[in-house]
Protein chains: 2
Amino acid sequence: MDKYVQILKEHGLKVTPQRLEILRYLDMHKVHPTADIIYSELKKSNPSLSKTTVYNTLQHLGEHGLVYSLTISGSELRFDSNINQHHHFLCKTCGSIIDIDIECPNAKKVEAGGHRIDEVHGYFKGVCASCLKKLKNGDD
Amino acid sequence: MDKYVQILKEHGLKVTPQRLEILRYLDMHKVHPTADIIYSELKKSNPSLSKTTVYNTLQHLGEHGLVYSLTISGSELRFDSNINQHHHFLCKTCGSIIDIDIECPNAKKVEAGGHRIDEVHGYFKGVCASCLKKLKNGDD
DNA sequence: CTGTTATGTTGTAACGATTACAATCTAGGG
DNA sequence: CCCTAGATTGTAATCGTTACAACATAACAG
């Protein structure tokens with residue numbers, strides 16, 4: 001059975017072509033796409049796709065822990081199918097979002113304060129290594 | 001000289017009544033207000049205040065490091081005049097945003113990767129201690 | 001395989017936060 | 001006191017997202 005069919009069934013979600021495509025897209029394009037990017041890309045092969053379906057599906061997948069949404073870029077949500085805890089770096093020069101494979105060691109302290117943590121978001125903003133290099137060369 | 005006048009002058013910003021009011025509001029209300037909340041509150045004493053001015057001013061203050069903007073709640077920006085590095089906790093039950101006074105020990109690792117970090121955002125989402133207590137009592 | 005029904009999908013319209021823009025005003029230096 | 005760059009205002013536009021109602025389909029029972 002298809003990997004994505006299985007994932008949906010395991011979570012008690014109905015299996016529809018749209019959901020399979022969105023799941024697969026996220027799994028194959030780990031670049032934190034926006035809902036609109038997902039919509040535009042999938043519309044190419046499925047012209048009747050509706051933007052509402054993309055939003056609904058992303059929300060459902062999120063509720064079942066299958067995707068994770070980032071607010072790092074401010075105006076729009078971005079989606080990530082990497083469920084393992086990790087941080088993100090937003091380059092203010094090139095706009096790319098880089099995965100940073102670290103966990104937050106502070107979470108335990110917060111839980112010690114009596115709060116229950118469901119999500120941990122670690123964002124860094126600045127200029128990435130590759131843009132810094134370009135800037136330096138330009139200044140010569 | 002007024003504290004806020006001084007802050008603006010130090011950063012080479014023109015001193016206007018609107019900027020002073022916004023700075024003072026943020027300093028006196030450390031609850032991470034949205035631009036709209038700031039606008040509504042200040043409009044009471046200054047009915048000609050424009051929402052555009054609030055947005056512009058917040059952006060300018062941000063560029064000069066005088067305020068810090070949070071994307072923790074998703075659909076809207078929230079502003080914080082506490083410039084010291086700290087994290088935030090969003091309670092999904094009561095919606096309040098709690099300051100968590102910890103620094104990120106991972107930043108150095110990211111810088112070791114060659115990136116330049118300008119901002120560090122640490123967000124936790126879950127249910128706060130006070131809401132957890134209420135929930136427990138309700139279940140008895 | 002077929003009918004039924006709850007659930008998913010679609011398209012359009014509405015919404016809320018933010019930004020663009022042009023006209024007017026004002027802070028601050030000469 | 002005047003001039004000018006820069007700030008403020010109000011309106012209109014934009015963007016991402018959500019609401020809603022009509023229609024379509026997955027999954028299950030028979």
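In the text below, chain A, chain B and the rest are named by the order of the sequence lines, each starting its count at 1.
Protein chain A touches strand DNA chain D; the 5'-most and 3'-most nucleotides with an atom under 4.0 angstrom of its non-hydrogen atoms are D:dG16 to D:dA27. Of all nucleotides in DNA chain C having an atom under 4.0 Å from a heavy atom of chain A, the first and last in 5' to 3' order are C:dA6 to C:dT12.
Nearest-nucleotide positions on DNA chain D place B:Lys43 closer to the 5' end than the other of B:Lys43 and A:Arg78.
In terms of the side chain to side chain contact (heavy atoms under 4.5 Å, CB included) criterion, residue partners of B:Lys109 (sequence neighbours excluded) are, by chain and number, A:Ile102, B:Asn106. For A:His11, the side chain to side chain contact (heavy atoms under 4.5 Å, CB included) partners at least two apart in sequence or on another chain are A:Ile7, A:Leu13, A:His64, A:Leu66. Scanning for side-chain hydrogen bond (donor to acceptor under 3.5 Å, both in side chains) contacts around A:Ser48 gives A:Asn46, with sequence neighbours left out. In this structure B:Ser130 satisfies the side chain to side chain contact (heavy atoms under 4.5 Å, CB included) test together with B:Cys128, B:Lys134, sequence neighbours excluded. Residues forming a side chain to side chain contact (heavy atoms under 4.5 Å, CB included) with B:Ser73 (at least two apart in sequence, or on another chain): B:Glu76, B:Arg78. Evaluation of the side-chain hydrogen bond (donor to acceptor under 3.5 Å, both in side chains) rule for A:Glu103 yields no partner, not counting sequence neighbours.
Using five terminal pairs a side, the axes of the helix from C:dC1-D:dG30 to C:dG30-D:dC1 at its two ends make an angle of 30°, given in steps of 10 degrees.
Between the A:Lys14 side chain and the A:Leu8 main chain, no donor and acceptor come within less than 3.5 Å of each other. Side-chain atoms of B:Lys125 do not come within 3.5 Å of backbone N or O of A:Glu119 as any donor-acceptor pair. Panel note: side chain B:Ser69, backbone B:Leu77; no donor-acceptor pair is recorded below 3.5 Å. Listed for the A:Gln18 side chain is no donor-acceptor partner under 3.5 Å among the backbone atoms of A:Leu49. Panel note: side chain B:Thr71, backbone B:Gly74; no donor-acceptor pair is recorded below 3.5 Å.
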Under 3.5 Å, which donor-acceptor pairs link side chains of residues 51-62 of chain A to any protein atom two or more places apart or in another chain?
| from | atom 1 | to | atom 2 | distance (Å) |
| --- | --- | --- | --- | --- |
| A:Lys51 | NZ | A:Asp36 | OD1 | 2.6 |
| A:Asn56 | ND2 | A:Thr52 | O | 3.4 |
| A:Thr57 | OG1 | A:Thr53 | O | 2.7 |
| A:Gln59 | NE2 | A:Glu63 | OE2 | 3.3 |
| A:His60 | ND1 | A:Asn56 | O | 3.2 |

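Within residues 46-63 of chain A, the residues having any heavy atom under 4.0 Å from DNA chain C are, by residue number, A:Ser48, A:Leu49, A:Ser50, A:Thr52, A:Thr53, A:Thr57. Contacts between residues 12-35 of chain B and DNA chain D, defined by a heavy-atom separation under 4.0 Å, are made by B:Lys14, B:Thr16, B:Gln18, B:Arg19.
Taking the six-membered ring wherever Trp is involved, the centroid distance between the rings of B:His121 and B:Tyr123 falls below 6.0 Å.
In summary, A:Asp99 and A:Lys30 do not engage in a salt bridge, as defined by a charged side-chain N under 4.0 Å from a carboxylate O.
Side-chain N/O atoms of B:His86 and B:Asp80 include a donor and acceptor closer than 3.5 Å.
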